[in-house]
Each structure stands twice: as structure tokens, then as C-alpha cells.
There are 2 protein chains.
Amino acid sequence: MLSKKTKYALHALTYLGKHREEGAIAIHDISEEHGISHKFLENILLELKKAAMLGSKKGKGGGYYLIKEPSEIPLSKVIRLLDGPIAMLPCVSLNYYEPCDECKDETTCGIHRVMIRVRDETLKILENKTLEDILKE
Amino acid sequence: MLSKKTKYALHALTYLGKHREEGAIAIHDISEEHGISHKFLENILLELKKAAMLGSKKGKGGGYYLIKEPSEIPLSKVIRLLDGPIAMLPCVSLNYYEPCDECKDETTCGIHRVMIRVRDETLKILENKTLEDILKE
DNA sequence: ATAAACCCTATTTTATTTATAGGGTTTATA
DNA sequence: TATAAACCCTATAAATAAAATAGGGTTTAT
């Protein structure tokens with residue numbers, strides 16, 4: 001299951017995408033729209049900014065805005081940033097690999113093999129679907 | 001990520017599958033093989049039994065054993081039993097549906113739509129891959 | 001008889017997620 | 001140039017969920 005953090009991030013990005021023409025959008029506007037605590041959302045937006053998905057403008061009238069085309073923000077990137085691994089097992093994670101400590105030999109583990117397939121199919125979707133796809137109804 | 005409970009369950013089923021000819025297998029044998037706490041594993045095996053995947057035999061020489069062909073135990077069933085939903089969002093779960101409380105309208109939510117696709121592709125694998133597939137190397 | 005194993009319920013521990021708190025810095029604009 | 005609006009940072013608390021432990025009762029093969 002995706003964490004609330006990730007869900008909030010996706011909703012925030014969607015909101016920023018929809019209001020892209022209006023320049024910087026205040027945290028407040030987004031947090032009210034989706035009933036997210038202002039401070040919690042702030043942390044998330046900062047992470048998105050550090051990851052070069054968002055830009056920000058300080059001072060009165062400031063806020064956040066997309067600095068990439070929605071088509072250039074794959075969902076996989078957002079999920080990995082806020083949630084970590086997409087894979088169902090650490091031993092098949094591409095970005096957060098760790099051996100499973102229950103498993104003796106990865107190369108002969110049948111569970112491992114199946115989970116690689118699940119990972120690949122999931123990534124096929126999440127790396128190709130972008131914010132743009134979410135924006136269009 | 002799959003919980004340890006699910007991983008333990010899969011390993012236990014695999015072990016039981018491999019030693020199917022030997023009749024009832026004691027918890028102890030499995031917990032030693034995979035370094036799982038005896039009591040914790042016991043809980044898991046009981047759940048698997050309640051779900052009609054395992055049978056058990058009491059008394060000296062007793063233990064657990066598969067009561068289905070490995071080909072009749074899809075991985076989706078094991079995961080759902082121990083971990084709950086397979087979907088990435090409650091609002092797209094087939095077996096554990098709940099509305100997302102951040103989301104105003106499910107029918108127009110782009111995130112919802114993508115996650116249905118992820119769910120379907122994941123299930124396509126996990127419902128067709130069975131214990132049998134895990135058993136063969 | 002008894003030891004081995006099943007069966008059950010409750011509690012504790014640990015980790016993770018979610019949220020809050022509080023304050024400092026920057027900057028547009030009146 | 002004061003000030004309000006918004007960014008930025010670190011730390012901590014509260015809530016929830018996962019993992020493990022505890023302890024004891026019941027069944028049954030030998």
C-alpha cells in the first residue's frame with residue numbers, strides 16, 4: 001500500500017499541474033483542497049523540490065510550481081522518493097536492494113523469481129505513466 | 001513490501017511442498033531451517049490451516065502437511081491471507097476495498113485509474129503463479 | 001504415563017508512519 | 001522599510017502496525 005505521504009504528493013502534483021498557468025501556488029491552497037495538514041504537506045513539497053520536480057518562490061504571492069512537463073514526471077519517481085522501494089521484496093528492488101534474510105540462496109529462490117516478474121510488470125506501468133496521464137480525465 | 005509473516009508463510013509452504021512425501025512435518029523442522037521463531041511460525045501455520053491450505057496431525061510424530069496440490073495454491077491467496085490487500089491503494093482493492101479519504105471522486109481520479117492497471121497486471125501474475133512454480137528450480 | 005505436537009489468547013516489543021511544534025529566513029509589496 | 005506571507009529546517013510526539021514473546025491448555029502416538 002502506498003503511504004499517505006505518497007498519496008499526498010501525487011495529489012499535490014496533480015493540483016500544481018492543473019493550476020500550472022497561475023504561477024506559484026501556496027501550500028495553503030493545496031492543503032485546504034485535500035484536507036492535508038499544512039506542515040505535513042510542506043515537508044512533502046520540500047522533498048519534491050529537492051528531487052528537482054518542483055520549484056518555489058518565496059515571499060508574498062510565492063509558492064510552489066512544476067519545473068518539469070507533467071509528461072516528464074513518471075509515477076515511479078514520485079513513489080520511490082516518498083515511499084521507497086516499489087518491489088514486493090528487498091531482494092528484487094532495483095533502487096533499494098537488500099538481501100532477504102530468510103532466504104539462503106537468491107539464485108535458486110522461486111519466490112525471488114516470481115517477484116522479479118511482478119516488479120517488472122509494475123515498473124512497466126509506473127515508469128511510463130506520468131503526471132500527464134493522471135491529469136487527463 | 002511483503003511482511004515477514006507472508007515471507008515466512010511462503011517459505012513454510014515451500015518446505016512442506018518439498019517434503020510432501022514424508023507426511024506430517026513438525027513446526028520445529030521448518031523454523032530451524034529458516035531461522036524463524038517457533039511460536040511466530042506456529043501462528044502462521046494455524047492461519048494457513050484455517051484457510052484450508054494445510055492439514056495437521058497431533059501427537060508424537062505429528063505436524064503439518066499440504067492438503068492441496070501445490071498447483072492449486074496461488075500466491076495471491078497466501079499474500080492476501082497474511083498481508084491483506086495486494087493493490088497499492090485501498091480504493092482499487094478487490095478483496096479489501098475502502099475509499100481513499102484524500103480523494104473526492106474516485107471515478108475521475110487519475111491515480112485510481114493507473115492503480116487499477118497495476119493491480120490487474122500484478123494479479124495476472126500472482127493468481128496464476130502457484131506454489132508449484134516456486135517449487136521448481 | 002508421558003512426551004511431542006497442536007491450539008488458543010493475550011501482551012509486549014519494536015519499527016514505521018503520521019503529525020505536530022516551534023522557530024528562523026527570505027522576499028514581494030504596500 | 002516595515003511587515004505579512006511564504007519558504008525552510010530540525011526535532012519530537014502521537015498513533016498505528018508489524019514482529020515477537022509468553023504461558024498455558026488440549027490432543028494423541030507410542
Side-chain angles (χ1 to χ4, degrees), chain A residues 1-9 11-12 16 22-32 34-51 53-65 67 79 81-85 88-90 96 98 100-102, chain B residues 1-12 16 22-32 34-65 67 79 81-85 88-90 96 98 100-102:
Chain A
M1 286 273 165
L2 296 180
S3 68
K4 287 203 169 188
K5 232 173 169 173
T6 297
K7 288 200 259 178
Y8 290 163
H11 282 296
L16 291 175
E22 301 165 27
I25 305 288
I27 293 179
H28 185 74
D29 295 354
I30 307 172
S31 71
E32 278 220 324
H34 290 282
I36 311 171
S37 127
H38 179 103
K39 281 288 193 179
F40 196 47
L41 182 58
E42 198 184 324
N43 281 325
I44 294 166
L45 295 176
L46 283 171
E47 282 201 71
L48 291 170
K49 193 193 166 182
K50 276 185 202 151
M53 286 182 234
L54 299 183
S56 65
K57 187 175 166 236
K58 292 182 185 177
K60 196 168 185 177
Y64 287 94
Y65 50 90
I67 54 172
I79 295 174
L81 182 68
L82 282 309
D83 250 21
M88 283 190 147
L89 292 179
Y96 298 86
E98 270 184 66
C100 286
D101 36 42
E102 306 79 32
Chain B
M1 284 272 167
L2 296 180
S3 68
K4 287 201 170 189
K5 231 172 170 175
T6 297
K7 288 199 258 179
Y8 291 162
L10 290 171
H11 282 295
L16 292 175
E22 301 165 29
I25 305 288
I27 293 179
H28 185 75
D29 294 354
I30 307 172
S31 70
E32 278 221 323
H34 291 282
I36 311 172
S37 130
H38 179 102
K39 281 287 194 181
F40 196 46
L41 181 59
E42 197 184 325
N43 281 325
I44 293 165
L45 294 177
L46 283 171
E47 283 200 69
L48 291 170
K49 194 194 165 181
K50 276 184 204 153
M53 286 183 236
L54 299 183
S56 66
K57 189 174 166 239
K58 292 183 184 176
K60 198 169 182 176
Y64 288 94
Y65 50 90
I67 55 172
I79 295 175
L81 182 67
L82 283 310
D83 249 22
M88 284 188 146
L89 292 178
Y96 299 86
E98 272 184 64
C100 285
D101 34 43
E102 307 78 33

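Predicted, not measured: the structure shown is a model, and the values here were computed from it.
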(message) From the set D/dT27, D/dA6, D/dA20, return the single nucleotide nearest to any side-chain atom of B/Phe40.
(response) D/dA20

(request) Please tell me which of the listed nucleotides, D/dT21, D/dC7, C/dT20, lies nearest to the side chain of A/Asn43? (result)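 Selected nucleotide (nearest to the side chain): C/dT20.
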
(request) Drop me the distance from A/Met53's CE to A/Ile67's CD1, to the nearest 0.5 angstrom. (result) 9.5 Å

(message) Within this structure, what is the NE2-CG distance for the pair B/His34 and B/Asp29, rounded to the nearest 0.5 Å?
(response)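 That separation rounds to 11.0 Å.
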
(message) Between B/Tyr64 and B/Ile27, is there a side-chain heavy-atom distance shorter than 4.5 Å?
(response)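 Answer yes - side chains close enough.
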
(message) Quick one, A/Lys5 and A/Glu47 - any side-chain contact, counting heavy atoms below 4.5 Å?
(response)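 A/Lys5 vs A/Glu47: side chains touch.
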
Using whole Å, report how far [atom1] of [X] lies from [atom2] of [N].
{"X": "B/Leu82", "N": "D/dA19", "atom1": "CG", "atom2": "P", "result": "10 Å"}
{"X": "B/Ile44", "N": "D/dA18", "atom1": "CD1", "atom2": "P", "result": "13 Å"}
{"X": "B/Ile36", "N": "D/dA18", "atom1": "CD1", "atom2": "P", "result": "18 Å"}
{"X": "B/Ile30", "N": "C/dA5", "atom1": "CD1", "atom2": "P", "result": "12 Å"}
{"X": "A/Lys58", "N": "D/dA4", "atom1": "NZ", "atom2": "C1'", "result": "16 Å"}
{"X": "A/Lys60", "N": "C/dA28", "atom1": "NZ", "atom2": "C1'", "result": "8 Å"}
{"X": "B/Leu46", "N": "D/dG25", "atom1": "CG", "atom2": "C1'", "result": "14 Å"}
{"X": "A/Leu81", "N": "C/dT17", "atom1": "CG", "atom2": "P", "result": "14 Å"}

Check whether any side-chain nitrogen or oxygen of [X] sits under 4.0 Å from OP1 or OP2 of [N], and answer yes or no.
{"X": "A/Ser3", "N": "C/dT18", "value": "yes"}
{"X": "B/Tyr64", "N": "C/dC7", "value": "yes"}
{"X": "B/Tyr8", "N": "D/dA20", "value": "yes"}
{"X": "A/Ser37", "N": "C/dT20", "value": "yes"}
{"X": "B/Ser56", "N": "C/dC7", "value": "yes"}

(request) Decide yes or no, distance alone: a donor-acceptor N/O pair under 3.5 angstrom between the base of C/dG23 and the side-chain of A/Lys39. (result) yes

(message) For the backbone of B/Thr6 and the side chain of B/Asp83, can you confirm whether one donor and one acceptor N or O come within less than 3.5 Å of each other?
(response)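 Here the side-chain-to-backbone pair does not exist.
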
Complementary nucleotide for [N] - Watson-Crick or wobble, under 3.5 Å:
{"N": "D/dT27", "answer": "C/dA4"}
{"N": "D/dA13", "answer": "C/dT18"}
{"N": "C/dA10", "answer": "D/dT21"}

(request) Give the ring-plane orientation class for B/His28 versus B/His38, where under 30° counts as parallel, over 60° as perpendicular and anything between as tilted. (result)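 Tilted, since the angle between the ring planes falls between 30° and 60°.
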
(request) Identify, between A/Asp83 and B/Gly62, the residue whose nearest nucleotide on DNA chain C lies closer to the 5' end. (result) B/Gly62

(message) Nearest heavy atom decides the nucleotide; on that basis, is A/Glu42 or A/Gly61 closer to the 5' end of DNA chain C?
(response) A/Glu42

Give [X] one of three labels, base, sugar-phosphate or nothing, depending on what nucleic acid heavy atoms sit under 4.0 Å from its own.
{"X": "B/Lys49", "result": "sugar-phosphate"}
{"X": "B/Lys4", "result": "sugar-phosphate"}
{"X": "B/Leu45", "result": "nothing"}

